[in-house]
2 protein chains.
Amino acid sequence: MKKIKKYHQIQEYIKKRIQTQKYPPDSYLPSENEFCVQFGTTRTTVRKALEELLKEGFIAKEQGKGSKVLERGKYLGLLSVKGFSGSTDYKVKTRVTVEPKVVEWDPIIGFPLSEDEKSSKCVYFQRVRYIDDKPVVLENNWYALDALEPIRSEEFVEGSFFKTLSQEYLIEIMGAEQELRSVPASGDIAKKMGITVGAPILHISIRFRTSRPNLNLYGDLYCNTTDYPIRNSYFL
Amino acid sequence: MKKIKKYHQIQEYIKKRIQTQKYPPDSYLPSENEFCVQFGTTRTTVRKALEELLKEGFIAKEQGKGSKVLERGKYLGLLSVKGFSGSTDYKVKTRVTVEPKVVEWDPIIGFPLSEDEKSSKCVYFQRVRYIDDKPVVLENNWYALDALEPIRSEEFVEGSFFKTLSQEYLIEIMGAEQELRSVPASGDIAKKMGITVGAPILHISIRFRTSRPNLNLYGDLYCNTTDYPIRNSYFL
DNA sequence: TATTTTAACTTGTCCATACAATATATCTGA
DNA sequence: TCAGATATATTGTATGGACAAGTTAAAATA
């Protein structure tokens, strides 16, 4: 018999409302006292729930005003956890160069697969990101077919795979491991990125852990950092 | 008249004890109730202080056991906030190739300087990190002379500049901005890193913000990722 | 002796309350 | 009309207490 934590229930309730846009971005949540009445509890418990959502990056708190719903989950590490879309201010165009399809696992994936994943086929798709009509990032993605059905790229919410996971499937990114290398561009990559063969390019392998136990998302990114270096900032 | 927050006082007290090794790494802090008696307050307030220290990465909490003092501040972003030393498990040797000395600011620094910084001279030093006697990282560092005296490399605590700041000067890293590029190695870099000119190398510009208001640390890293890629992981 | 139970101590959750600090709209007076 | 005071709603800090859950070592038991 598992103990249900009240603050966790409230936390999940609010999170789901945010994900389904019942509490839309930039709006303010009901006040702490209103949640107290709604859930028949005290501010201590409501505040604990809100604090968890703060840590998860779903809300921001403003003293004297309220708790504001944030646009996206917080970012940490090299890239936004919501993928490339959220990591730059420039206008990014995305072209799906390989539609999601079921294939065998590609040995290029830089992480060991679990037994469950190995025994499953996988869904693969490839996208290229453009800034000012110049290709800047080539991105390969894989995930186990057994863990999640293939999603057609036309169904991506606002063109974002991660937004789709969050809003349509209620799957959240829990964390990630990344590996970065500076490598010479291969002929294939150079062609797709419009650069010369052997030019230095940033290669990033990523494994995203998700809130769905058996679902990992694998990514393989090639970034032309000549004009647009990767930026990130963090604070403690 | 600024309001003193009790939990913040307790937080700073414990932090200083950790920094000065009065609470050494891997030891357990006094229990929450003991702190209550010591500071004449309640567990709510003590727990708030401990939670802040948890977020800052100074301690880990273990239910039923206590709060354990951690070895290093937590890491986020690309590299450990404590610098390169903490970011790998391999045996790293560090050679100081340029002793800390007062120079003019180098225009290579990829961040705009504040007026205070511009009007000051700066302290500069360069180190090379070796793994298996092969150079892997070349690191330049700068900071404003007005904000912090030059520290001789022989005085570095355990050879680490960041540990020295924390333990000798009680200066903590509050956050950082980074910029990553994949670039061809210049003649000078190639020579020092033992690679061929033009080989792809990872270039990272970093600005660390510290707890001392006017002190920023600037870094300029060249990493040979051929054998040792940069790894990082994070969780939400 | 070896195992199980118990007791003591730790952190985790939750309740009920009070007042401080901040933001915003409303009222008041010049 | 407009500036300043005021009232109200919000989050922030803090008190004091209770019981749950996990850890450990001592005590009881086989």
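It should be emphasised that the depicted structure is a prediction, and the values quoted were computed from it without experimental measurement. Just so we're on the same page: letters track the sequence lines, and every chain starts at 1. Side-chain atoms are counted along with the backbone in the values below, which use heavy atoms only and exclude waters and symmetry mates.
Residue-level contact check: A/Ser31 touches the backbone only, with heavy atoms under 4.0 Å from sugar-phosphate atoms and none from bases. Among the atoms of the strands shown, base atoms are found under 4.0 Å from some heavy atom of A/Thr44.
One interatomic measurement links the two molecules: CD of B/Glu51 to P of C/dG12, which rounds to 10 Å at whole-angstrom precision. With rounding to whole Å, B/Glu34 atom CD is found 9 Å from C/dT11 atom P. Separating the CZ atom of A/Phe35 from the P atom of C/dC14 is a distance of 16 Å, rounded to the nearest angstrom. Rounded to whole Å, atom P of D/dG12 lies 16 Å from atom NE2 of B/His8. In this entry the distance linking CD of A/Gln9 with P of C/dT13 reads 13 Å, nearest Å. The CD-P distance, from B/Glu52 to D/dG12, rounds to 12 Å in whole Å. Going from atom CZ of B/Arg43 over to atom C1' of C/dC9 covers 11 Å, rounded to whole Å. Counting to the nearest Å, the P atom of C/dT22 and the OH atom of A/Tyr28 are 16 Å from each other.
Looking at B/Tyr7 and B/Glu51, their side chains never bring a donor and an acceptor atom within 3.5 Å of each other.
Phosphate contact (OP1/OP2 of C/dT11, side-chain N/O of B/Arg47, threshold under 4.0 Å): absent. For B/Lys5 and D/dA14, the shortest distance from a side-chain N or O to OP1 or OP2 is not below 4.0 Å. Taking only side-chain nitrogens and oxygens, A/Lys65 never comes nearer than 4.0 Å to OP1 or OP2 of D/dT11.
For the pair B/Arg181 and A/Leu202, the minimum side-chain heavy-atom distance is 4.5 Å or more. Between B/Asp106 and B/Asn140, every side-chain heavy-atom pair lies at or beyond the 4.5 Å cut-off.
The side chain of A/Gln63 approaches C/dT22 more closely than any other nucleotide in the set C/dT22, C/dT24, D/dT24. Looking at the side chain of B/Thr45, the nearest of the listed nucleotides D/dA14, C/dT11, D/dT24 is D/dA14. Closest approach to the B/Glu32 side chain among D/dG12, C/dT11, C/dC15 is made by C/dT11 (side chain taken as heavy atoms from C-beta onward). When the nucleotides C/dC14, D/dG12, D/dT24 are ranked by their closest atom to the side chain of A/Thr41, C/dC14 comes out on top. Nearest to the side-chain atoms of A/Lys6 among the listed nucleotides C/dC14, C/dT13, D/dT15 stands C/dC14.
Ring orientation note: the planes of A/Phe161 and A/Tyr143 are close to parallel, at an angle under 30° on the 30°/60° scale.
A/Pro100 and A/Ile151 make their closest contact through CG-O, 3.1 Å (heavy atoms, listed as atom of the first residue, atom of the second, distance).
When the nearest nucleotides of DNA chain D are assigned to B/Lys48 and B/Gly64 by heavy-atom distance, the more 5′-ward of the two goes with B/Lys48.
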